[in-house]
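Read through the structure below, which is laid out as structure tokens, and then see the notes.
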2 protein chains.
Amino acid sequence: MIADQGVRATAVEPLARRMGITKGSFYWHFANRESLLDQALRRWEEHDSRNLNMAMGAINEPRERLISLFRRVGRERLTHRVFSALCAAADHPQVEPVLERVAQRRMHHIAQAFSELGFSPEQSAHRARLTYTAYLGFLQLQRQHQAPHLDSRTFEAYIEHVIATLVPA
Amino acid sequence: MIADQGVRATAVEPLARRMGITKGSFYWHFANRESLLDQALRRWEEHDSRNLNMAMGAINEPRERLISLFRRVGRERLTHRVFSALCAAADHPQVEPVLERVAQRRMHHIAQAFSELGFSPEQSAHRARLTYTAYLGFLQLQRQHQAPHLDSRTFEAYIEHVIATLVPA
DNA sequence: ACCATTCCATACGCCACAGTATGGAAAAGT
DNA sequence: ACTTTTCCATACTGTGGCGTATGGAATGGT
């Protein structure tokens, strides 16, 4: 489940080499490569779904809920790297529907928070979409940097700017 | 140069098949696969750079310049699809530096426009980054949809919302 | 003790693609 | 007319990954 360096890490033979085992062993546990990816993705999607519900259910005040979401981008690096790796494989037929469902769920929750702030359904949908695309775009931008890209001070400032811009006072 | 269905379309043999030719012919024109991709990327980057300068130089008023940029997302579909395909291959060692340079150039121009609107260098950089990530995220979101996703009316409304949010009145 | 099931290794066939070697036809130079 | 250069095809090697076949050791049930 540590496929943070790309979905192609689920290639059977390299993966088998990396662990101490061989292909023969692998094909006893899984029907094929597709099956492994399928199970991994299913587990990840469930985990992500639970995470989302917990994060959104923990805070009642919608404004604070949104802000905590933005702040979360800086923390839990591994989580975001895994997700980013999946985004990089959006063209993969098995990955694409997962990303699609996850995006729908996340945007729905974000839109819900905006709704509670008094925005119309259309306004909320637009704001949720813009918020989520800003997140996706940020990850995309990170993928293009091999270097660590932003020092933490600039990063913090940027996050604050995003909050100020996207979350109405 | 119509590699809009993925960078992996530059695989030698399939590409040769798709045209009427064979590998033997290909390897006379190019040293190897890497060379082809390199030339294609170089051409694209130059073309993109020119395009950017033209688009930004055509309009004096910085606010109108930014707005026209947003509106451009709906038009010139092919251009965006090509760029989106490149973004999907951001992990590719030859593509990554190109995307990085292009991102720097584009964000620099956007930041320039915000500067002209009276924002500080830091503010302009943040706004440019957010603007560009919104664009990247939008493309990412498109990649996750096989379906055409947004009807044009909703799309127009969304673009207007983004303009209203990111470009100060 | 015997047998079946579990888990893993070795070995094989298959395919897709990268890159090379070689030859041959057409065009161009002299 | 002869040779060279240009452009392309056929055929080969090599590599890497997917999936299968088969056997063997350990474990557990009876």
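Both backbone and side-chain heavy atoms feed into the values below; hydrogens, waters and symmetry mates do not. Letters go in sequence order (proteins before strands), and every chain restarts at 1.
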Pick out the pairs of N or O atoms, protein on one side and nucleotides 3-9 of chain C on the other, that lie under 3.5 Å.
{"residue": "C/dC8", "atom": "OP2", "partner": "A/His29", "partner atom": "NE2", "Å": "2.6"}
{"residue": "C/dA9", "atom": "OP2", "partner": "A/Thr22", "partner atom": "N", "Å": "3.0"}
{"residue": "C/dA9", "atom": "OP2", "partner": "A/Thr22", "partner atom": "OG1", "Å": "2.9"}

Could you tell me how far apart B/Leu36 (CG) and C/dA18 (P) are, to the nearest whole angstrom? 11 Å
A/Glu45: partners by salt bridge (Lys or Arg N to Asp or Glu O under 4.0 Å), with sequence neighbours left out: A/Arg101, A/Arg105
Applying salt bridge (Lys or Arg N to Asp or Glu O under 4.0 Å) to B/Arg42 and B/Glu46, what does each step give before you reach the verdict? CA-CA 6 Å; B/Arg42 180 172 275 108; B/Glu46 285 170 8; 5.1 Å; no
Interatomic distance, A/Arg17 CZ vs C/dT10 P [rounded to whole Å]: 13 Å
Please give, in whole Å, the distance from C/dA18 P to B/Phe30 CZ? 14 Å
Report all interatomic pairs (protein N or O, nucleotide N or O of nucleotides 25-28 of chain C) with separations under 3.5 Å.
none

Just to verify, what does A/Glu34 make a side-chain hydrogen bond (donor to acceptor under 3.5 Å, both in side chains) with, not counting sequence neighbours? none
Could you tell me whether a side-chain N or O of B/Gln140 sits under 3.5 Å from a main-chain N or O of A/Cys87, the two making a donor and an acceptor? yes
After noting the C-alpha distance and the side-chain angles of B/Arg71 and B/Glu160, does the key distance pass the salt bridge (Lys or Arg N to Asp or Glu O under 4.0 Å) rule? CA-CA 9 Å; B/Arg71 295 257 163 75; B/Glu160 293 310 313; 3.0 Å; yes
Write down the distance between CZ (B/Arg33) and P (D/dG14), rounded to a whole number of angstrom. 22 Å
Across all chains, not counting sequence neighbours, the salt bridge (Lys or Arg N to Asp or Glu O under 4.0 Å) partners of A/Glu64 are none
A/Glu34 CD - D/dG17 C1' separation (whole Å): 16 Å
Atom pair distance, as rounded to whole Å: CG in A/Leu37 and P in D/dC18: 11 Å
Would you say B/Phe114 and B/Ile110 make side-chain contact, with heavy atoms under 4.5 Å? yes
Pairs involving residues 114-128 of chain A, ordered by first then second residue, that meet salt bridge (Lys or Arg N to Asp or Glu O under 4.0 Å) (sequence neighbours left out): A/Arg65-A/Glu116
